[in-house]
Amino acid sequence: MKKNNLAKDSFILIFVQCVTMCGSLVQAMILSRTLTKFEYGTYSQGVLLVSVATAFVGLGLNNSINYFYNKTEDIEKKKIYTNTIFFLTFIFGLIGALIIILSNKLIADYFANSQLAHLIIYISFRPLFINIISLYQTLYVSNQMTKVIAIRNLMVSICQVAITTLVSLFVHNIALIFILLCILDLTQIFIFSTFYRKKVFEIKLFKFDFNIFRPILTYAVPLAAALMVGTLLINMDNLFIGKLMSTEDLALYTNMSKELPFSFIGGCLTTVITPVIIKLFNAGEKQTFFRIWSNYIQLGYLTTWTFCCGAIVCAPELLTFLYSEKYIDGINIFIIYIIVGMFRFTYFGMILTAKGRTKIILFYSLITMLLNLFLNIILFHFMGMIGSAIGTLISMATMNILQLIHGSVIAGVSFFKIINIRGMIIFLMKLVITGIICKFIKNGLYSVLVNSTCILVITYVTFVLILLGLNFKKLNIIVKQLNIEI
């Protein structure tokens, strides 16, 4: 048996993921201050296009490599599956890049922004590069090389911040930012492939097995459709605002809806735990699985909700610190998206993915997307941009609850055994009481301090420390239980 320290691997990723997300925020902070709203809106349209296209051309193959690589111990089978999945990713990525280039005018017309047309050529290949990098990251985690991913994420984050800072301050050229990001992607792919060849085996792109296309795509396509639908769900507000409102309005909404680094612990746990969950299912280790799943969920909401609620208490100060006063009109949307972040403390479809029930994931994702589209249309008509944000909150919460309930049924365990409802309610009460106390503290600080950033730091740190102190014993127990042998 090999000791697999999930807590250790997760905390490595958590630390660097925090740095990575903070780096992304720093980029947004710099661009928000150095670019006009129109320029930042144009940049946001390019990023939005990359995000949507990445999900579409990826075809769910990242999940496939996680599944097929970890379901067998035969190294030759691992090689065949890996080569084939990389080949499919490469082909679909090239096709996607060509479609984006040929759709240049249609994309610019959709956003009513002719400046976007000049960026398409620099954007088109990034989805392919990002998906290949994602495949490598999954392989590295599956081979317990988490530290390599940690170092990579840290270095990439630093490079991205440097690119954004230097270009926006000295050159002021959005196209150059995308060009340099492409170069950075290619550099990562070269380093990943070289290191993986030395440590595990060489991935031979064109040494694929046509006979396993069908099982790979059978598994991947429903997941791909679910990912596409999920991506549209996440970005629907921005697509909606980008079509119906101005580029400047999209700049505002993009910043307000940007994910803040609050759910990074749950995300990193998901990355490390997913391969283990698949192995536990195949080995029939139900009791170990139940323990890991329950602790994973508890650690997710205890940390994520703490960080999110602290941000709500300090929302005006946090928004101003991140994006400057010129974005303060979006405060209500900003708060709603912090609440959306509270529902990202875990991957609710983990069990469905581990059991290969990809069609069910697709079904729930499709229902949620249709619900979100309906709510966007209705609520936008009556409430404007804030209506779109509320629609996203309602639809995402609905999908997560349905996936979690269905997953517990498939796993053969009571929903209430995995989710401690009483414990959640008690924790929410702690959050509310602590929030009220810290609100009074914040108001009192304004009578003695002028700098809003100092008030933000003092209030937020106080809130987080109180909650972590109240739950320290419980968190320590959970972390110790996230060590298993497989």
Side-chain angles (χ1 to χ4, degrees), residues 50-103 121 123-143 145 148-149 152 181-228 230-231 271 274-275 278 353 356 358-359 361-362:
V50 171
S51 176
V52 174
T54 299
F56 274 71
V57 303
L59 210 67
L61 291 168
N62 183 48
N63 287 311
S64 293
I65 205 166
N66 205 353
Y67 179 77
F68 288 104
Y69 189 90
N70 288 292
K71 71 177 295 187
T72 180
E73 296 300 325
D74 187 329
I75 189 65
E76 292 304 318
K77 288 184 178 180
K78 287 179 182 287
K79 288 181 179 180
I80 293 171
Y81 278 120
T82 301
N83 291 338
T84 305
I85 291 172
F86 266 78
F87 173 77
L88 289 171
T89 300
F90 179 72
I91 293 300
F92 288 123
L94 285 180
I95 294 172
L98 181 61
I99 292 173
I100 292 172
I101 293 171
L102 294 177
S103 304
I121 189 64
I123 291 171
S124 57
F125 286 94
R126 282 213 76 205
L128 167 61
F129 300 154
I130 291 170
N131 281 319
I132 291 177
I133 291 170
S134 181
L135 290 179
Y136 271 115
Q137 290 199 79
T138 301
L139 287 175
Y140 273 62
V141 173
S142 294
N143 285 282
M145 293 190 289
V148 178
I149 298 299
R152 171 264 173 195
L181 289 176
C182 284
I183 294 173
L184 181 60
D185 290 339
L186 288 171
T187 303
Q188 292 177 69
I189 292 172
F190 173 76
I191 294 173
F192 266 140
S193 62
T194 302
F195 191 81
Y196 195 81
R197 181 176 66 250
K198 293 179 179 179
K199 293 294 182 179
V200 188
F201 57 77
E202 182 180 1
I203 297 173
K204 298 178 179 179
L205 190 65
F206 294 101
K207 196 175 181 180
F208 58 88
D209 186 349
F210 181 79
N211 294 321
I212 61 174
F213 276 19
R214 184 171 181 176
I216 290 173
L217 293 176
T218 299
Y219 179 87
V221 169
L223 275 179
L227 180 60
M228 293 173 193
T231 301
T271 301
T274 299
I278 293 173
T353 300
T358 55
K359 292 181 180 178
I361 296 174
L362 171 59

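Residues: numbered from 1 along the sequence shown.
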State which residues pass side-chain contact (heavy atoms from CB on, under 4.5 Å) with Ser134; sequence neighbours excluded, sorted by chain then number. Asn62
All side-chain contact (heavy atoms from CB on, under 4.5 Å) counterparts of Phe190, not counting sequence neighbours: Thr194
With rounding to the nearest 0.5 Å, note down the distance linking CD1 in Ile132 to CD1 in Ile85. 13.0 Å
I need the full list of salt bridge (Lys or Arg N to Asp or Glu O under 4.0 Å) pairs touching residues 57-70, with sequence neighbours left out, sorted by first then second residue. none
Listing request: all salt bridge (Lys or Arg N to Asp or Glu O under 4.0 Å) pairs with a residue in residues 125-135, at least two apart in sequence or in separate chains. Arg126-Asp185
Before giving the answer on side chain to side chain contact (heavy atoms under 4.5 Å, CB included), spell out for Tyr136 and Ile203 the whole-Å C-alpha distance, their side-chain angles and the decisive distance to 0.1 Å. CA-CA 10 Å; Tyr136 271 115; Ile203 297 173; 3.6 Å; yes
Determine whether a donor-acceptor pair (N or O, by modelled atom type, separation under 3.5 Å) exists between the side chain of Ser103 and the backbone of Ile100. no
Given Phe210 and Phe213, is the ring pair (Phe, Tyr, Trp, His ring centres under 6.0 Å) satisfied, shown in steps? CA-CA 5 Å; Phe210 181 79; Phe213 276 19; 5.0 Å; yes
Only counting residues at least two apart or in another chain, list the ones meeting side-chain contact (heavy atoms from CB on, under 4.5 Å) with Ile191. Thr187
Could you give me the CA-CA distance, side-chain angles and deciding distance for Phe86 and Tyr81, then say whether ring pair (Phe, Tyr, Trp, His ring centres under 6.0 Å) is met? CA-CA 9 Å; Phe86 266 78; Tyr81 278 120; over 10 Å; no
In Å and rounded to the nearest 0.5 Å, what is the CG to CZ distance from Leu128 to Phe90? 6.5 Å
Kindly indicate whether the side chain of Phe201, heavy atoms from C-beta on, has any atom under 4.5 Å from the side chain of Tyr196. yes
What distance do Arg197 atom CZ and Lys204 atom NZ have between them, rounded to the nearest 0.5 Å? 11.0 Å
Decide yes or no on side chain to side chain contact (heavy atoms under 4.5 Å, CB included) for Val50 and Ile130, but give the supporting numbers first. CA-CA 9 Å; Val50 171; Ile130 291 170; 3.7 Å; yes
What's the spacing between Thr54 OG1 and Ile133 CD1 if we round to 0.5 Å? 10.0 Å
To the nearest 0.5 Å, how far apart are CZ in Phe192 and CG in Leu139? 10.0 Å
Can you tell me how far CG of Asn83 sits from CZ of Phe206, rounded to the nearest 0.5 angstrom? 11.5 Å
Let's go through Leu88 and Leu217 carefully: what are the C-alpha distance in whole Å and the side-chain angles of both, what is the deciding distance for side chain to side chain contact (heavy atoms under 4.5 Å, CB included) to 0.1 Å, and is it a yes or a no? CA-CA 9 Å; Leu88 289 171; Leu217 293 176; 4.2 Å; yes
Minimum heavy-atom separation for Pro127 and Val57, please, with both atom names. CB-CG2, 3.8 Å
Please determine whether side chain to side chain contact (heavy atoms under 4.5 Å, CB included) holds for the pair Phe125 and Ile101, giving the CA-CA distance in whole Å, both sets of side-chain angles, and the decisive distance to 0.1 Å. CA-CA 9 Å; Phe125 286 94; Ile101 293 171; 4.3 Å; yes
Output all residues satisfying side-chain hydrogen bond (donor to acceptor under 3.5 Å, both in side chains) with Tyr140, sequence neighbours left out; order by chain, then residue number. none
